[in-house]
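Accompanying notes for the structure given below.
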Amino acid sequence: MAAPLKIGVLLSGSGTNLQAIIDAIAAGQVNAEIVSVVSSRPDAYGIKRAEAAGIPVLVLNRAVYEVPEAADALIVDNMRAAEADYIVMAGYMRKLTPVVLNAFPDRVLNLHPALLPSFKGAHAIQDAWDAGVKVTGVTVHLANEDYDKGPIVAQRAVEVREDDTIETLEARIHEVEHVLYPEVIAAIAEGRLSMDADRKIHIR
């Protein structure tokens with residue numbers, strides 16, 4: 001078996017997607033190792049999840065982000081020291097600057113709770129709900145300088161049911177995230193992801 005893909009995870013909140021990746025690795029479904037977790041907030045519950053799994057954590061705070069490039073330089077130094085191959089954004093509520101994106105070109109994944117290019121931004125589930133769409137979903141894409149515009153890696157649809165509330169819809173979207181994100185990381189670890197000349201992503 002090939003050496004595990006070394007990934008660093010960025011988060012800002014509860015860390016449910018971090019936990020999904022931890023669990024998938026433990027179950028042998030993903031040949032990866034989480035070498036570092038960075039939290040943008042000292043009170044994020046995801047920190048506890050990382051510590052429980054024995055993963056080193058770097059905790060940042062609002063003051064650090066007063067100069068976003070300086071904060072991102074700390075992240076780059078941390079991830080390079082941990083020898084991360086990829087950076088995985090898992091509920092990370094800060095926009096990355098070129099400091100990180102240039103250090104890990106086409107190796108920063110983001111997860112978005114809608115079918116991009118529809119419903120970009122931080123309120124995607126609410127926006128889709130307000131628009132009355134019958135289908136929304138989840139997108140995994142490569143992060144770039146344009147918010148929610150990087151090359152799409154994978155998408156999965158989620159039906160909006162007649163008896164849904166926004167809470168039940170959000171719960172099902174998160175369930176799909178917890179499956180799709182580990183699947184994408186597994187594909188990268190197994191060398192099944194490629195990018196063509198038009199920067200379109202293909203998974204074998």
Side-chain angles (χ1 to χ4, degrees), residues 1-13 15 17-22 24-25 29-40 46 50 53 55-58 60 64-65 68-113 116-117 120 138-156 177-204:
M1 180 181 286
L5 180 76
K6 293 183 177 182
I7 61 174
V9 176
L10 309 183
L11 58 80
S12 300
N17 277 295
L18 168 65
Q19 191 66 57
I21 298 166
I22 290 170
I25 291 170
Q29 297 165 353
V30 180
N31 183 26
E33 175 189 0
I34 303 173
V35 294
S36 182
V37 167
V38 175
S39 174
S40 67
I55 301 166
V57 184
L58 172 65
L60 305 180
V64 175
Y65 285 97
E69 292 80 5
D72 279 5
L74 291 175
I75 293 172
V76 169
D77 289 346
N78 174 271
M79 293 299 174
R80 283 179 169 161
E83 300 182 342
D85 301 310
Y86 265 76
I87 293 179
V88 175
M89 300 168 71
Y92 184 69
M93 304 309 291
R94 295 277 181 173
K95 189 174 186 292
L96 290 177
T97 70
V99 172
V100 172
L101 298 173
N102 292 341
F104 293 85
D106 294 329
R107 288 182 290 136
V108 180
L109 289 175
N110 188 38
L111 185 68
H112 185 75
L116 293 175
K120 300 183 180 81
V138 175
T139 301
V140 178
H141 67 98
L142 295 180
N144 62 13
E145 291 181 57
D146 294 322
Y147 202 66
D148 293 334
K149 276 191 175 178
I152 291 171
V153 177
Q155 291 184 309
R156 192 152 295 163
E177 290 176 352
H178 300 161
V179 174
L180 185 60
Y181 223 5
E183 286 180 358
V184 167
I185 296 166
I188 294 169
E190 294 163 14
R192 294 188 286 112
L193 185 143
S194 61
M195 179 186 291
D196 65 24
D198 297 320
R199 294 186 56 77
K200 286 189 170 51
I201 305 291
H202 304 276
I203 297 178
R204 306 195 299 278

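For reference, positions follow the sequence shown, starting with 1.
How far CG of Leu58 is from CG of Leu74: 7.0 Å, rounded to the nearest 0.5 Å. Once rounded to the nearest 0.5 Å, the distance linking CD of Glu33 with CD1 of Ile21 reads 13.5 Å. We find the CG-CG distance between Asn17 and Leu11 to be 10.0 Å, quoted to the nearest 0.5 Å. In this structure, Leu96 CG and Asn110 CG are separated by 8.0 Å, a value rounded to the nearest 0.5 Å. We find the CG-CZ distance between Leu142 and Phe104 to be 14.0 Å, quoted to the nearest 0.5 Å. A distance of 8.5 Å separates CG of Leu60 from CG of Asn78, quoted to the nearest 0.5 Å.
The shortest distance between side-chain heavy atoms of Val138 and Tyr181 does not fall below 4.5 Å. At a threshold of 4.5 Å between non-hydrogen side-chain atoms, the residues Ile188 and Leu109 count as touching. Annotation: side chain of Glu183 is in contact with side chain of Arg156 (closest heavy-atom distance under 4.5 Å). Side-chain atoms of Glu177 and Pro113, non-hydrogen and from C-beta on, do get closer than 4.5 Å to each other.
Here the shortest heavy-atom pairing between Ile22 and Ala53 reads CD1-CB, 3.8 Å. Taking all atoms of both residues into account, the shortest heavy-atom contact from His141 to Leu116 is CD2-CD1, 3.7 Å. Smallest separation of non-hydrogen atoms from Leu101 and Glu145: CD1-N, 3.7 Å. In terms of heavy-atom proximity, Lys6 sits nearest to Ala82 at CD-O, 4.4 Å. Across Val35 and Gly8, no two heavy atoms sit closer than the pair CG2-N, 4.5 Å. Here the closest heavy-atom approach between residue Leu180 and residue Ala154 is recorded as CD1-CB, 4.1 Å.
Counting non-hydrogen atoms of other residues, nucleotides and ligands closer than 6.0 Å to CE of Met195 gives a total above 12.
Of the charged side-chain nitrogens involved, at least one lies within less than 4.0 Å of a carboxylate oxygen, so that Arg199 and Asp106 count as a salt-bridged pair.
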Leu18 and Ile34: CA distance, side-chain angles, deciding distance, side chain to side chain contact (heavy atoms under 4.5 Å, CB included) verdict: CA-CA 9 Å; Leu18 168 65; Ile34 303 173; 3.8 Å; yes
Check against side chain to side chain contact (heavy atoms under 4.5 Å, CB included), Glu190 and Asn31: CA-CA 8 Å; Glu190 294 163 14; Asn31 183 26; 5.6 Å; no
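Screening Thr139, Val140, Leu111 for a side-chain contact (heavy atoms from CB on, under 4.5 Å) with Val153, the sole residue that qualifies is Val140.
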